Amino acid sequence: MSVAHNLSASISSSSSAFLVPTDFNSTTFRPRNVPVPAKSFRICKCVAAPQEQKTAYKTKVSRNENMAKLQAGYLFPEVARRRAAHLQKYPDAKVISLGIGDTTEPIPEVITSAMANRSHALSTLEGYSGYGAEQGEKALRAAIASTFYKNFGIEDDDIFVSDGAKCDISRLQVMFGSNVTMAVQDPSYPAYVDSSVILGQTGLFQKDVEKYGKIEYMRCTPENGFFPHLSTVQRTDIIFFCSPNNPTGAAATREQLTQLVQFAKDNGTIIVYDSAYALYMSDDNPRSIFEIPGAKEVAIETSSFSKYAGFTGVRLGWTVVPKQLLFADGFPVAKDFNRIVSTCFNGASNIAQAGALACLSPDGLKAVYEVIGFYKENTKIIVDTFNSLGFKVYGGKNGPYVWVHFPGRSSWEVFSEILEKTHVVTTPGSGFGPGGEGFVRVSAFGHRENILEACRRFRELYR
């Protein structure tokens, strides 16, 4: 019997054997039958040992319990996530983004040249500067005061220059602390509510009503002109109020803001007034809360260059805290805010501040208004499109957002339908609060050809 035959009979076909004769010679070796004594072979099975389950190392630091209250992700990153998933599904689709309110048109050269000059000066001994004042450069604070608050009694040192209104909202919340009560327009910009949750000002999220406990949601609907019935609003320490409003585009009238200021005075409340879209106003409505008599005693105003000059990436804004605004113990609110700013912030970029100062020059303001005019034309195109399709449309006149009603439908359902069938990104209204359910927000920030193409797709879908 041959060696090969013995092996094949004794070793499983799934095993491997390498048998090499020690006297192998390629020129003399010939296969032949060689009798060998029979030997028994044992099969050795190799079995992988079970892997130990590794447990991730954990610190002994407890998570901020308020973070756990937040529902899902912040609205706009969630919209971006769904956009990215859609592009994976349709890699060749031309997706048009009319969701997040991000500017698209170039910053005017009169502004960028000022930033370029300031940037270049930093490479010289004469032009270099390091840390600046946390409150902002004096020249810029003076320019903001004279441009936006002339004759309103706002002084240069009431103004705090920052890296954006959104950042200042969180700084204000840190200053207010966790023991205050909060009211917001419903719907409203989600940063107000989310920052309140993080600071511990709220209760748990109540899924049956889509609201957080301990927040007063001031319902703003077409029926009340998107201004809350103040007689039904419970007293709170702080009221966040945005006009022109994001997302509805509605702007409060002088009479309405007078009522709001009086309501705050009657209740000893502080208004945080977000005027980030004031220059988009077409109607003769106040562009600042400080146009209202008595507002300096009850209001803070925050604003931004983002939507005026295309500074969404450059990052620059400001907050006005009047000296007349006092806490219950008589301590000036501005002094506490100054302490927060000095502790949490090293001041806005000197290059960005140079750009902002150029924005407020005569040529800069002219250029800014031209860009705003372009976006307002986009808004009209969108409004006309949805009106022609028979939808109820709100906003668009005093702000860069169009608020479209889809009665009886889920906002996320409409968002998904539009994205799936037209490859256009919008923003679901329910992301701005329970009062936004049944609406979608369409942004006018976009290149003209994209706005026209998106509207063509809307007509094709809903005609």
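Owing to the predicted nature of the structure, the values given are computational and were not obtained by experimental measurement.
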Inset, instruction - Report the residue from V184, I238, T319 that forms a side-chain contact (heavy atoms from CB on, under 4.5 Å) with V272. - result: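 Option passing the side-chain contact (heavy atoms from CB on, under 4.5 Å) with V272: I238.
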Interatomic distance, [X] atom [atom1] to [Y] atom [atom2] [nearest 0.5 angstrom]:
{"X": "E297", "Y": "L326", "atom1": "CD", "atom2": "CG", "result": "8.5 Å"}
{"X": "N378", "Y": "T104", "atom1": "CG", "atom2": "OG1", "result": "7.0 Å"}
{"X": "L140", "Y": "I159", "atom1": "CG", "atom2": "CD1", "result": "8.5 Å"}

Keeping [X] on the side-chain end and [Y] on the backbone end, is there a donor-acceptor pair under 3.5 Å?
{"X": "K307", "Y": "P400", "answer": "no"}
{"X": "N117", "Y": "S113", "answer": "yes"}
{"X": "S443", "Y": "G101", "answer": "no"}

Distance flag, aromatic centroids of [Y] and [X], threshold under 6.0 Å:
{"X": "F240", "Y": "Y192", "value": "yes"}
{"X": "F432", "Y": "F439", "value": "no"}
{"X": "Y212", "Y": "Y217", "value": "no"}

Legend entry - Lys NZ or Arg CZ of R171 over F345 ring: under 6.0 Å, within 45°: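 Output yes; distance and angle both within limits.
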Legend entry - R287 to F148 six-membered ring, cation-pi geometry met (6.0 Å, 45°): no
Hydrogens and angles aside, do [X] and [Y] bring a side-chain donor and acceptor to less than 3.5 Å of each other?
{"X": "E417", "Y": "Y462", "value": "yes"}
{"X": "N338", "Y": "Q135", "value": "yes"}
{"X": "E216", "Y": "T236", "value": "no"}
{"X": "R219", "Y": "N224", "value": "no"}
{"X": "T181", "Y": "D237", "value": "yes"}
{"X": "T103", "Y": "T312", "value": "yes"}
{"X": "S288", "Y": "E301", "value": "yes"}

Inset, instruction - Locate the shortest heavy-atom distance separating V161 from A348; write the atom from each residue and the value. - result: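 The pair with the smallest heavy-atom distance is CG1-CB, 4.1 Å.
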Inset, instruction - Test D157 against every option in R141, K335, K323 by the salt bridge (Lys or Arg N to Asp or Glu O under 4.0 Å) rule and name the one that passes. - result: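 The single option meeting the salt bridge (Lys or Arg N to Asp or Glu O under 4.0 Å) with D157 is K323.
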Legend entry - Beyond-backbone contact of Y280 with Y375, side-chain heavy atoms, under 4.5 angstrom: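 Heavy-atom side-chain distance check passes, below 4.5 Å.
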Legend entry - Sub-4.5 Å side-chain heavy-atom contact between F415 and V425: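 With C-beta onward as the side chain, the pair touches.
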Inset, instruction - Please indicate whether E255 has more than 12 foreign heavy atoms, meaning atoms of other residues, nucleotides or ligands, lying under 6.0 Å from its CD. - result: no
Legend entry - With R441, the side chain to side chain donor-acceptor pair (under 3.5 Å) member among T248, T426, N246: N246
Legend entry - Aromatic ring pairing F160/F337, orientation class (parallel under 30°, perpendicular over 60°, tilted between): perpendicular
Legend entry - F386 and F406 aromatic ring geometry - parallel, tilted or perpendicular at 30°/60° bounds: perpendicular
Inset, instruction - Please test T202 against N66 for side chain to side chain contact (heavy atoms under 4.5 Å, CB included), starting from the C-alpha separation and ending with a verdict. - result: CA-CA 9 Å; T202 76; N66 298 310; over 6 Å; no
